[in-house]
Amino acid sequence: MVHYNTDDFQKKSRIFEIDLSEEQIQKFMDYYELLVEWNSFMNLTAITDFDEVILKHFVDSLAVFQVSAFREKVKSGEISLIDIGTGAGFPGIPLKIVFPDMKVTLLDSLNKRIKFLDTVIEKLDLKNIETVHGRAEDLAGKKDYREQYDFCVSRAVANLSTLTELCIPFVKNGGYFISYKSEKVKEELSAGKRAVEILGGNILDIFEYQLPDSDMSRNLLLIKKEKNTPKKYPRKAGTPAREPLS
Ligand code: SAM
């Protein structure tokens, strides 16, 4: 069995006020091993170096704990969260490991990635979590998913105008969409603002943060859903990317 030095992971998570238990650390290490193993025969991530995965995938996924709307709700009890375009499980799987009471849905349009995620869920013995294979545009119209979630999160899937159309329809009125963004968020905001309003959202805040002990900047965009999304959205698969709302 490989022994990983996880002190640094603990330290970096504490910067976001998250104290990982031994059991949670073990789950993250099992996840890391599956990620590297499956990545040797399918495309899951460009990052496989241990320290880089810890920082850019695991710790970054947990950064949402800095957002008080999320922190307060997750502490107060059971909440539901959907991760749109989860890929190899980011940020959904790290969040599920740390907040086991949360009801989590992982959605992706690539079935190979869903198979990987099902294996991770089984190996890590995660409960109250489901994977869904499909495009967000198709699933968002179904009553089991539409306006059913307290939180929707998404990282590295599309620019804001397109992404809001894929994500906001899943959020309950009064819930939140939190978008993980790189440094270019301000440019995306000017183009995406109108789309957010059309879909029933209100941009409340942008949290800029550095990945711990690095000079890499990231942003979390906090959007509250204040009105139901008009029924005609999302438009059919592919349209939000081809003709972003503006
Ligand atoms: N969120 C992960 C991360 O941060 O590492 C994965 C990012 S990856 C660049 C984008 C993922 O979004 C891919 O796995 C892709 O299959 C998925 N995706 C893109 N468009 C989608 C859509 N319309 N509906 C569902 N999944 C989508």
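Keep in mind the model is a prediction, meaning the values are calculated, not measured. Atoms within each ligand, like the ligands themselves, are counted from 1 in listed order.
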Applying ring-ring contact (aromatic ring centres under 6.0 Å, His included), can you list everything that pairs with Phe28, at least two apart in sequence or on another chain? Phe9, Phe58
Considering residues at least two apart in sequence or located in another chain, which fulfil the ring-ring contact (aromatic ring centres under 6.0 Å, His included) criterion with Phe207? none
Would you call Glu226 and Lys224 a salt bridge, taking side-chain N to carboxylate O under 4.0 Å as the test? no
Got a sec: does the CD of Glu130 have more than 12 other heavy atoms crowding it under 6.0 Å? yes
Residues 116-123 side chain polar contacts: donor-acceptor under 3.5 Å, at least two apart:
from, atom 1, to, atom 2, distance (Å)
Asp118, OD1, Thr131, OG1, 2.7
Thr119, OG1, Lys115, O, 3.0

Could you list each nitrogen or oxygen of ligand 1 that sits under 3.5 Å from a protein nitrogen or oxygen, with the atom names and the distance?
from, atom 1, to, atom 2, distance (Å)
ligand 1, 1 (N), Gly85, O, 2.8
ligand 1, 1 (N), Phe90, O, 2.8
ligand 1, 1 (N), Arg155, O, 2.8
ligand 1, 4 (O), Arg155, O, 3.3
ligand 1, 4 (O), Arg155, NE, 2.6
ligand 1, 4 (O), Arg155, NH2, 3.2
ligand 1, 5 (O), Arg155, NH2, 3.2
ligand 1, 14 (O), Asp108, OD1, 3.2
ligand 1, 14 (O), Asp108, OD2, 2.7
ligand 1, 14 (O), Arg113, NH1, 2.7
ligand 1, 16 (O), Asp108, OD1, 2.7
ligand 1, 16 (O), Ser109, OG, 3.4
ligand 1, 23 (N), Glu137, OE1, 2.9
ligand 1, 24 (N), Ala136, N, 2.9
ligand 1, 26 (N), Ser109, N, 3.3
ligand 1, 26 (N), Ser109, OG, 3.4

With a 6.0 Å cut-off on the ring centroids, do Tyr32 and Phe50 count as close? yes
